[in-house]
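Note sheet for the following structure.
Throughout, a chain's letter reflects where its sequence line sits, starting with A, and its residues are numbered from 1.
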Amino acid sequence: MGFVLIFAFFIPHHPFDALGEDVTVFFDIVAVFAFILGGGNLLRMHGNHIYTRHKDRWFSAVTLAGFLLMLFAGLFKIGQEGWCGAVDQPGAWFNNIYTATFDPLQSTMYALLAFFVASASFRAFRAKNREATILLVAAFIVLLGRTPAGDYATDWLPDSLSIFKVSNLANWIMSVPNLAGQRAIVIGIALGVVSLSLRVILGVERSHLGTDKS
Amino acid sequence: MNVSDWLALQVAALLTLGIVSFLYKDNPIYKICESIFLGVSAGYWFTVLFWENMVPKLYENISQAGSRPYTEAGVPSLLYVVALILGIMMLLRLFPKLGWMSRWPLSVVVGATAGLWFITYMQSNALSQLRATLLPILDFQAMDAATGTGLSGWFNKYLGNLVILVGTSTGLCYFYFSKEHKGVFGGLARVGIYFLMVTFGASFGYTVMSRMSLLLGRIDFMISEWWPSLFSGWS
Amino acid sequence: MFWERLLRLDRRWIFLFVAVSVLLPLLFNLECHQVPTPIVRGIFDKLESLPPGSHVLLSFDYGPSTVPEISPMAHAVIRHCLERDLKVVFMALWATGQNLLTSTVDSVVKLEFPHKVNGTDYANFGYKAGNQGVINVIATDFYKMFTTDISGMPARTMPLMEDVENMSDMSLIISFGGGFPGIKEWVQFAGDVAHVPVAGGCTAVSAPLLYPYYPQQLIGLMGGIKGAAEYEAMLTHTYPKFDPLPKRGMLAMGPQTVAHLVIMFFIVVGNLAYFLSRSHKAKA
Amino acid sequence: MALTLFGVVLNRTGWVWLIAGWAALAGVAIAQPADMQMWSVKAQDRPSDAGDAVQLFWSPIAPAAEFICYIVQRAPAAEGPFETIATVVSIDTQYVDAAALTGDVYFYRVAALDSVEAGAADQTTSPADSLSAASPARTVDTIYTAVAGPVNSTAQWFNLRRLNQFLVIIILSAAIIYFISQARSGKQLYVRKIAGLQAMEEAIGRATEMGRPILFLPGIHDMDDVQTIAGLTILARVARTVAEYETTLNVPVSRSLVMTTARETIKEAYAAAGRPDSYNDNMVHYVTDEQFGYVAAVDGIMMRQKPATCLYMGAFFAESLIVAETGAEIGAIQIAGTAQPAQLPFFVAACDYTLIGEELFAASAYLSGEPRQLGSLKGQDVGKVMAMCALGLGAALLTLHSLVPGWPILANMADWVGKVFQVR
């Protein structure tokens with residue numbers, strides 16, 4: 001399968017020209033079927049909690065209620081006229097539940113990142129060795145370059161040294177050494193993917209399929 | 001604001017506070033929020049997958065209700081029947097005796113993924129990045145156009161391309177597997193690590209601001225939408 | 001030992017610190033004082049120097065995801081233009097820009113400047129498909145692209161458009177949005193061709209890509225919330241009547257700056273604690 | 001070997017490109033119009049496609065004072081009727097008719113519109129409209145090219161424009177397969193140590209000693225991301241060690257397909273370790289497809305079960321820092337690996353060890369210790385050598401060119417090195 005797709009890239013003739021897209025559609029369809037297994041796992045796990053009177057049974061009940069309510073609202077398009085509209089049109093139950101629960105939960109979870117960024121900087125950015133120091137200095141300059149404080153601190157520099165003004169230096173770091181590092185990483189990744197894909201296609205790496213009988 | 005909108009706002013605010021309480025410590029309120037989140041989001045995604053994938057991509061293609069390219073000829077596309085069969089094979093896992101059949105769709109998926117990404121990565125990562133890095137060490141033509149005077153001008157003129165070239169190559173040295181990081185090669189690899197560290201530090205510093213604005217958005221919601229609603233009630 | 005204990009500081013104190021530092025400026029409406037950088041001042045000074053009645057073209061080339069960063073700039077610039085009795089021509093190169101443009105005209109122009117007449121003092125031409133092709137055409141003839149405004153009023157008969165044939169009759173072009181098409185295309189297809197000064201406002205992320213055009217091809221650039229805040233600061237300084245209006249750029253800048261400083265403070269303190277506790281151990 | 005191989009490619013692709021380049025130059029030379037009467041358009045099948053497009057090229061018309069745009073027209077026969085299919089507003093002088101059907105014959109002509117009287121008040125916006133209603137009274141002057149055709153669009157079996165990519169892939173694959181077969185024939189291959197992977201076994205041992213579980217996250221993407229596959233191949237090795245140590249393994253996943261695959265993987269790993277009975281399906285459980293819902297649940301699991309070792313291997317996004325910080329809070333040993341460049345800084349900052357990009361994909365080969373798998377890593381290194389040589393060569397040529405701008409051969413050579421890496 002993998003080989004066919006690799007060669008298809010070089011064959012513009014029908015039916016190979018659209019093979020990549022077809023496979024993506026295939027994947028989407030298989031994923032929906034697989035969800036029945038995943039959803040089943042969710043139902044069974046939490047159902048079990050309730051059945052065995054596990055200490056978390058009330059939490060499991062909440063999860064199950066949310067899951068079934070959302071499925072009911074979405075699959076039957078409750079609160080919506082007819083079957084044709086998009087499932088998330090305004091006014092439908094599905095959409096209301098989404099805005100009242102899903103949306104705030106999601107954005108709050110995302111917003112927690114701001115706190116974790118702070119605690120990570122406190123904990124991890126310590127000049128323990130040369131690598132860590134470089135990491136720290138680069139981060140510090142870029143951070144400083146994005147606040148007015150950095151401009152105040154280095155405003156006195158003459159034009160001929162303007163590159164050392166913090167905001168300029170931050171831009172330079174972003175566009176030169178940062179770019180170089182990114183490219184090395186990205187090229188490395190590409191080679192890694194090529195090699196892994198070949199191993200998978202050639203059957204050298206089969207552990208993912210559970211036939212690791214070496 | 002009507003009653004249901006008002007209630008939805010209160011629910012949203014309570015959930016927001018519940019999640020934030022995790023920062024202090026794990027607690028039952030967080031656990032309730034987590035449970036709601038799990039249930040609702042799993043239901044949400046299944047519903048979306050069903051209406052976005054199952055109906056238009058499978059049902060409409062096979063039943064010819066849609067107007068996808070492969071059904072234009074008037075023949076229900078065999079390709080999609082294959083997809084249906086693969087999907088059903090997936091479900092056979094539910095029956096222990098037939099469970100082995102589910103490996104088929106898995107192999108197809110894994111093989112196809114490997115093939116597709118082989119090409120994509122080769123093209124968009126390796127080749128195009130390499131091409132972008134093909135730079136003259138010193139571009140004497142462009143030098144007159146470079147901006148800045150004194151040391152800054154010198155920086156802009158001479159250092160940019162050289163640093164990019166050195167950084168990219170030494171970075172690749174760091175990833176080189178066949179040679180121990182010793183001697184001259186070890187030195188190169190070390191320079192490579194330094195470049196990677198600058199990259200990580202810089203991107204970390206760069207993302208901090210956008211993370212902060214997410215938090216601002218949440219706080220803004222609590223202050224300007226929820227807090228006034230407590231006093232105004234509904235109408 | 002104090003430093004060692006600091007080294008193992010419970011991270012909840014850090015969380016509290018961050019929360020307070022973000023909340024306080026917001027609760028007290030702290031407006032962060034901004035020193036305008038030359039690159040933002042360039043736009044302000046240009047608008048100040050134009051004689052009343054000059055035409056300014058504002059193009060909305062952005063979408064909903066960048067509204068928090070870009071719309072404060074657009075609002076400040078529109079206020080500035082109308083206050084100085086400049087004639088404003090609105091348009092959009094992004095399909096998503098048309099809605100944002102119309103709602104901005106409704107909320108800023110019509111509410112704050114009720115005496116300004118549509119078609120005489122300003123006009124909204126909406127979105128035209130064609131990316132840089134649109135710029136290319138209006139560089140030679142404005143009316144080939146825009147026969148009517150968004151409500152169907154014929155462009156040719158507008159008092160606003162009396163002396164306008166093409167782009168070179170504009171005194172300034174300001175594009176909001178750093179994507180494609182956007183500032184870069186305005187520079188290449190309008191600024192460089194028709195020799196009209198071009199300025200822009202874009203997100204903080206895309207600003208570094210546009211810096212190289214300043215000051216030769218761009219007379220000024222506002223990058224991200226910071227650029228917006230600087231512009232708002234200059235505007236309220238020169239026209240105190242705008243002071244009571246919400247200055248969203250300056251408001252958002254406060255907590256962001258404080259949060260940044262807090263993080264840097266923590267990095268410094270963390271390192272201090274690390275080195276001092278180590279030297280303490282070495283002595284002992 | 002890489003160098004010699006590389007040399008060969010340079011030669012072959014070089015000829016192809018040289019010929020193609022000359023052909024293009026010649027084409028441009030022919031297309032130059034002598035004057036307005038001979039203004040013409042050239043139409044040809046677009047090469048290396050599925051047979052659905054025709055390319056049109058024309059020379060720019062002498063810039064008239066009020067030039068408006070070009071109009072492209074198509075007809076089934078030379079004498080017409082011509083139908084306008086496109087308006088080219090910009091200064092472009094080419095167009096691709098992507099609506100051409102395979103096998104049908106088409107004729108094309110291009111018209112240039114000039115506004116003779118400047119600024120007529122009643123002019124329509126769309127130049128196409130003004131043409132379709134063309135009448136002598138109009139102020140629009142139209143100049144047509146001669147009709148070009150017949151052209152028909154055909155499909156090809158090989159995309160010549162991707163020849164360079166094809167060759168690069170063939171060489172790289174050949175190198176990898178060569179080293180795999182070398183290894184299979186028993187040749188000892190050296191692969192350097194990777195710190196994060198050496199720490200893995202130690203971390204599993206630590207969890208065993210502490211009697212706490214091991215948490216493994218395969219990322220939040222589905223099986224259609226190769227990073228997830230890499231993550232699962234690592235899971236296979238980890239599970240095998242875990243089975244030998246008899247530690248508890250907990251794998252919450254955010255995709256159903258990943259759940260199914262991970263179960264297969266772990267089951268076989270346990271069987272291979274001789275402990276098929278210790279396996280049960282509950283080791284892998286589906287949480288939710290939603291990114292942050294998954295994070296909320298994983299954070300909860302971490303706080304409640306307090307795993308001693310956390311492994312994050314796969315595609316991670318904004319959640320990377322949330323889980324890594326929570327893991328640090330509970331004092332777990334954390335090893336992460338991802339090819340998501342934007343998330344690497346967070347893992348590097350918050351975890352004990354991080355597999356950076358390529359190391360993630362190499363990890364399973366490394367952990368397996370199988371010679372064949374290690375051989376493929378050698379093949380990757382050939383790719384790196386190739387990349388570095390190309391960079392060096394390109395830099396040298398371009399620098400020389402900028403030093404001695406008078407030598408076009410340097411420019412051509414440099415240009416051509418670039419073309420080897422051209423992506424279409």
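Taking every heavy atom of both residues into account, D:Asp222 and A:Ala31 meet most closely at OD2-CB, 4.2 Å. Here the closest non-hydrogen pair linking D:Ala339 and A:Ile189 is O-CD1, 3.4 Å. Residues D:Ser256 and A:Ala34 share a closest heavy-atom pair of CB-O, 3.1 Å. Annotation for D:Leu321 and A:Ala120: closest pair CD1-CB, 4.0 Å, computed over non-hydrogen atoms. Residues D:Ala230 and A:Leu196 share a closest heavy-atom pair of CB-CD2, 3.8 Å.
The most heavy-atom pairs under 4.5 Å with chain A, out of D:Glu325, D:Glu290, D:Gln291, come from D:Glu325. Chain A forms more heavy-atom pairs under 4.5 Å with one residue of D:Gln380, D:Gln227, D:Lys384 than with any other, namely D:Gln380.
Interface remark: D:Glu319 contributes no atoms to any contact with chain A (heavy atom separation under 4.5 Å). Both the backbone and the side chain of D:Ile322 come within contact range of chain A, with heavy atoms under 4.5 Å apart. Using a 4.5 Å cut-off between heavy atoms, A:Phe33 makes no contact with chain D at all. Interface remark: A:Phe102 contributes side-chain atoms only to the contact with chain D (heavy atom separation under 4.5 Å). Neither the backbone nor the side chain of D:Ala271 comes within contact range of chain A, judged by heavy atoms closer than 4.5 Å. Within the 4.5 angstrom heavy-atom criterion, atoms from both the backbone and the side chain of D:Ser376 approach chain A. Only the side chain of D:Arg263 comes within contact range of chain A, with heavy atoms under 4.5 Å apart. Proximity to chain A is limited to the backbone of D:Val287, based on heavy atoms less than 4.5 angstrom apart. Neither the backbone nor the side chain of D:Leu235 comes within less than 4.5 Å of any heavy atom in chain A.
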Point to revise | Evaluation steps, side-chain contact (heavy atoms from CB on, under 4.5 Å), between A:Val194 and D:Ile169 | key: CA-CA 9 Å; A:Val194 166; D:Ile169 285 175; over 6 Å; no

Practice item. I would like to know whether D:Phe292 and A:Leu105 meet side-chain contact (heavy atoms from CB on, under 4.5 Å); could you show each step before the answer? Key: CA-CA 8 Å; D:Phe292 288 103; A:Leu105 283 167; over 6 Å; no

Review point. Do D:Ser364 and A:Arg199 pass the side-chain contact (heavy atoms from CB on, under 4.5 Å) test, and can you show the C-alpha distance, the side-chain angles, and the key distance before you say yes or no?
Key: CA-CA 11 Å; D:Ser364 69; A:Arg199 290 205 299 272; 3.6 Å; yes

Exercise for review: Take D:Ile176 and A:Leu202 through the test side-chain contact (heavy atoms from CB on, under 4.5 Å) and record every step on the way to the result.
Suggested key: CA-CA 11 Å; D:Ile176 294 173; A:Leu202 294 174; over 6 Å; no

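Taking the side chain to side chain donor-acceptor pair (under 3.5 Å) definition, one finds that A:Arg126 meets it with nothing, sequence neighbours left out. Take D:Thr326 and apply the side chain to side chain donor-acceptor pair (under 3.5 Å) test, not counting sequence neighbours, and it matches D:Asp299.
Within 6.0 Å of atom CZ in A:Arg130, 12 or fewer heavy atoms from other residues, nucleotides or ligands are found, so the atom counts as exposed in its surroundings.
Side-chain contact between A:Phe67 and D:Thr288: absent, with no pair of heavy atoms (C-beta onward) separated by less than 4.5 Å.
The stretch residues 35-47 of chain A places A:Phe35, A:Leu37, A:Gly38, A:Gly39, A:Asn41, A:Leu42, A:Met45 near chain D, each with some heavy atom under 4.5 Å from a heavy atom of that chain. Scanning residues 178-187 of chain A against chain D with a 4.5 Å non-hydrogen threshold yields A:Gln182, A:Ile185, A:Val186, sorted by number.
Residue A:Leu191 holds its CG atom at 9.0 Å from CG of D:Asp381, rounded to the nearest 0.5 Å.
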